[in-house]
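Only one structure is covered here, and it is reproduced in the block below.
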Amino acid sequence: MESDSIECVSSIDEIVEDHEIPHHNIHHHPHARHAPHHQFSSSKPHHNGTNNVNSISNIVGPTAIAPAASVHELLECPVCTNSMYPPIHQCHNGHTLCSTCKIRVHNRCPTCRQELGDIRCLALEKVAESLELPCKYYKLGCPEIFPYYSKLKHEGICIYRPYNCPYAGSECSVVGDIPFLVAHLRDDHKVDMHTGCTFNHRYVKSNPREVENATWMLTVFHCFGQYFCLHFEAFQLGMAPVYMAFIRFMGDETEARNYSYSLEVGANGRKLIWEGTPRSIRDSHRKVRDSHDGLIIQRNMALFFSGGDRKELKLRVTGRIWKEQQNPDANICIPN
């Protein structure tokens, strides 16, 4: 689909006049300049492939306690450098590697080139059972310490793990904490940044009957000391072309439940209203869209709201974000 000119007009909080922001194009695959991959954990030294199970007795014995770092290095696969979990394999010369890499190296030891066979390194697996290690995201604030075999499961759901870039229109591989991603969105993706918990956006598109998967420029709002992403896009829902707006919270799922938002679109005496809880950016943009968790507007209804001869889409989406701390007497939102 050809890129069409889009006019996004925003007003924040109680500003009456529309605030003109530059025209954008509908992005199928926008190529924003990506920042370098944001690394948090320090890189671990690579082995030279000389792991020998016999060396365990030199490190862990009845009269000596091994430094945790040294034992952890023993459990590092010499091929992929990830931590090894059972089954840990070894060749006849005692060189170890993980089960995934055993397949990758076609059953040949990457160190001595001997055939690996099906020898398990039970001694190293026993050593691993005795270890307790900090979460790999400890530098980001996680204080937890886990038995070796529980650590991996925790790290997959750790609330301190970095977030993926929430930009919807491209396959951006940048990860980081929230302050880093906010700067990345502003500087690299050039998204619109606004302060306030209410908004008024107008989306304009010519040839609205040509609806394919397309994404309007992301907008980021800063309110209550948090950041929220407003998405608006067009896509096919089955055979029906639709427009959809929704908000994602730049933070964890648990924090997201502390907030609610509403979206409203209407004209000619009719309106559609959506209220819900913002989804965390832990959930991908596509996952939220495909779950239909937002304001969905059928194309015919969108054209009705646009008025005129229905040859141009002119949708005004208004909304607000509030924190779930209600005054039961006044039933109004009390901002922090």
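Because the structure is predicted, anything quoted here is derived from the model rather than measured.
- The side-chain heavy atoms of F146 and E144, taken from C-beta on, include a pair separated by under 4.5 Å.
- Taking 4.0 Å as the cut-off between side-chain N and carboxylate O, R120 and E125 count as a salt-bridged pair.
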List the steps and the verdict of side chain to side chain donor-acceptor pair (under 3.5 Å) for S99 and H89. CA-CA 6 Å; S99 56; H89 296 277; 5.2 Å; no
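- Shown here are the side-chain hydrogen bond (donor to acceptor under 3.5 Å, both in side chains) partners of Q114, two or more places apart in sequence or in another chain: there are none.
- The closest side-chain heavy-atom distance from S280 to E255 is not below 4.5 Å.
- Taking both residues in full, the closest heavy atoms of G251 and R282 are given as O-CG, 4.5 Å, listed atom of the first, atom of the second, then distance.
- Residues M244 and I297 fail the side-chain proximity criterion, which asks for heavy atoms closer than 4.5 Å.
- When each of R279, H285, R286 is tested with D283 by the rule side chain to side chain donor-acceptor pair (under 3.5 Å), just one qualifies, namely R279.
- By the 6.0 Å and 45° rule, R320 does not stack over the aromatic ring of F199.
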Got a list of side-chain donor-acceptor pairs under 3.5 Å for residues 265-277, not counting sequence neighbours?
unit_1, atom_1, unit_2, atom_2, d
N268, ND2, F304, O, 2.9
K271, NZ, E264, OE2, 3.2
W274, NE1, Y261, OH, 3.2

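- Here H222 and H194 keep their ring centres 6.0 angstrom or further from each other.
- Here Y259 and F249 bring their ring centres to under 6.0 angstrom of each other.
- Between Y203 and Y243, the gap from one ring centroid to the other reaches at least 6.0 Å.
- By the side-chain hydrogen bond (donor to acceptor under 3.5 Å, both in side chains) test, R257 is found to be paired with no residue, residues two or more places apart in sequence or in another chain being considered.
- In summary, K102 and D118 engage in a salt bridge, as defined by a charged side-chain N under 4.0 Å from a carboxylate O.
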